[in-house]
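Read through the structure below, which is laid out as structure tokens, and then see the notes.
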Amino acid sequence: MTEQATTASLSVEEVENWLREKIAYKLSVEPAEVSVDDFFDSFGLDSTEALVLAGELESWLGFELETTALWYHPTIAELAKYIVVEKDRLAA
């Protein structure tokens with residue numbers, strides 16, 4: 001799961017699943033218990049955990065996210081859609 005996303009194009013579902021699995025692991029719950037529509041702050045991750053998650057996500061994606069990405073896209077579903085658009089834009 002720490003491998004970099006190697007395809008030029010990712011699906012929203014792939015990004016959502018990656019985020020759900022990472023958050024579930026950090027919370028010690030099953031991925032099915034992590035809703036893609038819940039706000040990130042509802043997961044109770046502290047700022048250090050959020051920064052680590054963002055770093056792991058950037059490593060997996062192979063590009064840096066804007067520092068405001070989580071602010072403007074505050075759910076897994078919204079962030080996943082944004083990431084797919086950005087990944088496709090950067091690959092073009």
Inset, instruction - Begin from the C-alpha positions of Leu79 and Val15 and carry the test side chain to side chain contact (heavy atoms under 4.5 Å, CB included) through to its verdict. - result: CA-CA 9 Å; Leu79 184 60; Val15 178; over 6 Å; no
Could you check whether any side-chain heavy atom of [X] comes within less than 4.5 Å of a side-chain heavy atom of [Y], counting everything from C-beta outward?
X	Y	result
Trp60	Leu10	yes
Leu53	Glu49	no
Trp18	Glu13	no

What's the spacing between [X] [atom1] and [Y] [atom2] if we round to 0.5 Å?
X	Y	atom1	atom2	result
Leu51	Glu56	CG	CD	11.5 Å
Ile83	Leu90	CD1	CG	11.5 Å
Glu64	Ser59	CD	OG	10.5 Å
Arg89	Phe63	CZ	CZ	8.5 Å
Leu65	Glu86	CG	CD	8.5 Å

Legend entry - Residues Lys81 and Glu78 bridged, charged N to O under 4.0 Å: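 Not counted as a salt bridge, because no side-chain N and carboxylate O are separated by less than 4.0 Å.
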Check residues 24-33 and write down every donor-acceptor pair under 3.5 Å in which the side-chain atom is one partner and the other belongs to a residue at least two apart or another chain.
| from | atom 1 | to | atom 2 | distance (Å) |
| --- | --- | --- | --- | --- |
| Glu33 | OE2 | Glu30 | N | 3.3 |

Could you pull out all donor-acceptor pairs under 3.5 Å where a side-chain atom in residues 35-44 meets a protein atom, sequence neighbours excluded?
| from | atom 1 | to | atom 2 | distance (Å) |
| --- | --- | --- | --- | --- |
| Ser35 | OG | Asp37 | N | 3.1 |
| Ser42 | OG | Phe39 | O | 2.6 |

Legend entry - Heavy-atom closest pair, residues Leu61 and Lys87: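 Scanning both residues, the minimum pair turns out to be O-NZ, 2.6 Å.
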Inset, instruction - List, by chain and number, the other hydrophobic cluster members for Trp71, where Ile, Leu, Val, Met, Phe, Trp and Tyr join if side-chain heavy atoms come within less than 4.5 Å, directly or indirectly. - result: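 ILVMFWY cluster around Trp71 also holds Tyr72.
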Inset, instruction - Using modelled atom types only, decide if a donor and an acceptor are shared between the side chain of Glu58 and the backbone of Gly55 within a distance under 3.5 Å. - result: no
